Amino acid sequence: MIGTFEILMNLEDGETAQKGINANEVVIAISPAFGKELNKTIVKVDHGKVLREIVSGIEEQGALPRIIRSYHTADLAFMGHQAAKLSGSGIGIGLQSRGTTVIHQKDLDPLSNLELFPQSPSITLETYRAIGKNGALYALGESVDPVPSVNDQMARPRYQAIAALLHLREAEQVIKNKKPVEVQWNFTIKEEEN
Amino acid sequence: MNRTMTEKRSKRFKVLEERPVNKDGFVKEWPDQGFVAMSSPHDPEPSIIIENGMITEMDGKERKDFDMLDQFIADYTIDVSAAGEVMKMESVEIARKLVDIHVSRSEMISVVKGMTPAKVVEVLNQLNVVEMMMALQKMRARKTPANQCHVTNVRDNPILMAADAAEAGILGFDEQETTVGIVRYAPFNALALLVGSQTARGGILTQDALEEATELRLAMLGLTTYAETISIYGTESVFMDGDDTPWSKSFLASAYASRGAKMRFTSGTGSEVQMAGAEGKSMLYLEVRCVMMAKGAGVQGLQNGSISCIGIPAAVPSGLRAVLAENLATTMFDLEVASGNDQTFSHSEIRRSAKMLCQMLPGTDFIFSGFSAVPNSDDMFAGSNMDSSDIDDYLVIQRDMMVDGGLKPVEETEVINVRYQAAKSMQAIFEELGFPRISDEEVEAATYANSSADMPKRNVVEDLKAAERILTEEITGFQVALILAKKGYQQTAERIFDMLKHKVAGDYLHTSAIINAQNVVMSAVNDENDYKGPGTGYRLGGERWEEIKNIRQAISPNDY
């Protein structure tokens with residue numbers, strides 16, 4: 001039998017996040033409850049797996065991932081824009097606990113974006129990898145083919161009310177006047193015999 | 001745990017479990033978080049105190065404790081000269097007036113303008129859904145009902161989009177809305193919708209739902225004629241989350257109107273719950289605050305009916321009744337209502353039809369906002385309550401019920417022809433502007449396509465560069481009209497030019513305006529709803545009824 005593996009994610013909040021100076025970096029802003037009070041997306045994928053895919057997608061293009069945690073807002077657009085503004089390349093990624101994701105650029109309006117992935121139930125791990133990859137390509141100044149958007153028009157009837165419940169839980173962790181902080185991260189892989 | 005239930009299952013229950021409705025999400029009420037449709041224990045009781053012409057207490061709250069919505073509504077919406085008397089009336093009496101055919105729409109409006117948000121909610125809670133539909137039939141502003149559609153596709157393919165807009169145009173949609181998969185495609189989508197819609201008929205209003213500043217720029221370039229995705233919210237915290245206030249939204253509204261673009265706000269039940277800012281209030285109470293804020297801002301209309309949050313009211317008891325109630329509330333304040341039905345909320349065909357009838361039977365300014373004129377798999381608003389595969393059902397329901405749902409049957413040859421014309425026009429425009437070539441193969445594919453899966457792929461990177469040129473070089477609707485005239489598409493060119501003239505004239509900024517095929521603006525000014533019971537108001541008959549009757553499937557005695 002083939003063994004399965006588990007990604008163990010360790011996230012430690014650090015100092016207030018600063019503006020980066022490395023032109024090759026992509027900043028990922030995670031939401032207040034990500035990997036803490038909540039640890040699975042709306043379709044019950046571990047946060048560790050999701051974040052690792054984005055980070056790996058950035059790294060394999062030769063860009064530098066940096067993670068910050070947003071406290072003052074759990075709003076995706078503003079998280080993504082904040083990440084972009086703090087990023088040395090001007091490119092940021094916003095990621096909510098339920099799995100919703102955005103790629104942002106510092107000079108865009110907050111409610112605009114480079115690429116938006118609003119339908120969290122239809123985002124696969126492969127898509128998270130591709131999101132990381134594209135974030136890196138924007139940062140490196142290359143021409144980018146946007147990640148194809150998946151459109152599941154029946155996600156709303158099934159998931160919207162649950163998404164609202166998750167967001168209510170996330171919002172309980174918002175701290176109005178707290179600035180985003182740097183996050184120290186590491187992933188370890190634990191193999192399990194099946 | 002009941003062992004019998006887990007181990008041996010009822011065969012009938014297993015059949016029920018497989019039914020589409022059981023894929024829908026339902027939740028129990030949670031009033032403390034505002035997860036409740038029409039009435040929460042935390043909703044305020046109606047009250048008003050007016051001193052020296054100023055509201056000093058509203059719905060149990062003193063002026064010093066007002067949040068920004070309370071203040072806006074107290075200062076700009078409520079008519080203090082009417083409020084004293086109106087607030088003394090029993091809510092059930094006001095509810096009866098709403099349903100009473102002997103009380104005219106205008107009389108009703110003069111009552112409503114003296115009501116506080118909590119009073120409106122108390123009145124709406126007196127009505128069952130049939131009474132709400134009777135009231136909606138009387139209270140909508142424009143006499144003639146109409147419909148709006150979505151025209152989008154997952155690849156933002158501009159040729160397909162123009163062809164789909166043209167088909168939607170001959171089906172009878174008076175407004176067409178698009179949005180993007182990728183934001184930078186926005187100028188192409190605006191162009192495709194303009195060209196496609198005007199190929200079908202003159203007067204169709206179009207919009208490109210985007211981040212607000214870009215949307216305004218496209219309207220100023222003359223590539224779109226209206227906007228409706230200017231969102232407002234029922235609590236201060238959610239409003240602030242979007243970096244906005246009632247004043248900033250009012251400013252934005254005037255920016256559109258002053259540049260000749262029709263505009264309405266958007267709000268809806270459930271949005272505050274979704275954004276975790278409901279403050280324990282019912283969805284309807286918060287939505288009534290939005291309706292009243294829109295009125296105070298002076299906009300001509302509002303899109304509501306939960307809209308993109310429909311999964312939330314739809315998950316709780318009396319939720320779809322709340323959605324009808326919010327549509328009704330909008331019309332009570334003499335605002336145009338674009339009444340939702342524009343998002344998937346159920347897997348059940350029975351349930352989605354039942355919901356839709358609440359707006360279709362009484363008629364609204366736009367029954368859907370909008371109906372997906374493309375397959376839902378291509379609907380970039382995440383799918384509508386009905387899509388292009390439901391068109392025949394909808395046309396048959398119009399005919400069965402003798403109800404004007406705003407659409408008309410079309411012949412297949414007519415559709416093929418108009419789609420071809422629209423695609424050819426786009427080919428000509430792209431060629432003239434030096435945009436990436438549109439091949440004859442693409443024109444052919446768009447002419448016969450059902451969805452974006454039927455289209456050859458385009459070079460996205462090159463298309464995006466061209467789309468950005470529209471904004472950087474400020475390519476206008478007027479230039480598009482000139483190109484079409486030069487290339488032999490005289491009729492479409494003139495229609496686009498007419499739309500630009502409408503922007504200067506501004507008549508279509510009046511409440512509930514549409515522009516008919518004769519290029520005449522029909523609004524609550526010249527087509528005011530005068531319903532006062534049987535024999536009055538909008539009556540389906542004459543040519544329009546002939547149009548609806550003549551579905552292509554009906555067999556004639558002469559066929560044999």
Side-chain angles (χ1 to χ4, degrees), chain A residues 31-33 42 72-79 81 96 98 102-105 108-122 134 137 142-174 176, chain B residues 20-21 23-27 30 33-35 152 154-155 180-186 210-214 237 241-243 270 273-278 308-316 343-348 351-352 372 375-384 387 460-461 464-465:
Chain A
S31 55
I42 194 164
H72 70 293
T73 179
D75 183 290
L76 184 69
F78 287 90
M79 281 170 33
H81 194 238
Q96 284 179 319
R98 58 186 168 186
V102 67
I103 309 179
H104 226 308
Q105 203 271 343
L108 294 173
D109 297 310
L111 295 181
S112 188
N113 60 73
L114 288 173
E115 296 183 45
L116 175 65
F117 305 88
Q119 294 190 15
S120 51
S122 20
N134 272 13
L137 292 175
E142 299 188 22
S143 276
V144 185
D145 253 341
V147 180
S149 23
V150 178
N151 190 17
D152 174 7
Q153 66 276 6
M154 296 321 281
R156 182 197 332 273
R158 179 168 280 189
Y159 291 110
Q160 188 169 32
I162 307 166
L165 291 178
L166 276 177
H167 194 56
L168 288 170
R169 299 269 319 271
E170 179 117 277
E172 286 172 352
Q173 305 308 320
V174 168
K176 276 287 168 210
Chain B
V21 74
K23 291 183 184 162
D24 294 353
F26 300 99
V27 300
W30 185 13
Q33 290 286 359
F35 233 122
T152 60
V154 287
R155 292 202 205 130
V180 288
I182 298 163
V183 173
R184 285 164 293 156
Y185 262 119
L210 302 160
E211 174 275 315
E212 290 155 351
T214 317
S237 63
D241 231 18
D243 253 5
V273 179
Q274 169 143 312
M275 289 189 256
S308 51
C309 296
I310 186 73
I312 292 171
V316 295
Q343 304 271 294
T344 51
F345 80 96
S346 178
H347 294 77
S348 157
R351 202 166 170 234
R352 64 194 180 91
S372 184
N376 260 347
S377 56
D378 268 325
D379 188 302
M380 296 312 289
F381 295 98
S384 177
D387 78 355
V460 174
V461 174
L464 287 176
K465 282 182 193 161

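Throughout, protein chains are lettered first and strands after them, A, B, ... in sequence-line order, and every chain is numbered starting at 1. Just so you know, these numbers come straight off a predicted model, no measurement behind them.
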So for [X], is it side chain, backbone, both, or neither that comes closer than 4.5 Å to the heavy atoms of chain A?
X      : value
B:T344 : both
B:F35  : side chain
B:L210 : neither
B:D387 : neither
B:A314 : neither
B:Q343 : both
B:R155 : neither

What residue in A:D75, A:N113, A:D109, A:D145 has the most heavy-atom pairs under 4.5 Å with chain B? A:D109
Other residues, nucleotides and ligands only: do more than 12 of their heavy atoms fall within 6.0 Å of CZ on B:R351? yes
If I compare all heavy atoms of B:I312 with all of A:A161, which pair ends up nearest, and what's the gap? CG1-CA, 4.3 Å
Looking only at B:T214, B:L464, B:D243, the option with the highest number of non-hydrogen pairs under 4.5 Å against chain A is B:D243
Can you tell me which of B:H347, B:E212, B:R184, B:M275 forms the most heavy-atom pairs within a distance under 4.5 Å of chain A? B:H347
Sort [X] into side chain, backbone, both or neither according to what part of it lies under 4.5 angstrom from a heavy atom of chain B.
X      : result
A:V144 : backbone
A:I162 : neither
A:S112 : both
A:E170 : neither

Distance (rounded to the nearest 0.5 Å) between A:L114 CG and B:I182 CD1: 11.0 Å
Would you check if the side chain of B:Q274 reaches a backbone N or O of A:H167 as a donor-acceptor pair within less than 3.5 Å? no
Is any side-chain heavy atom of B:S308 less than 4.5 Å from a side-chain heavy atom of A:R156? yes
4.5 Å side-chain heavy-atom contact, A:M154 and B:K23: no
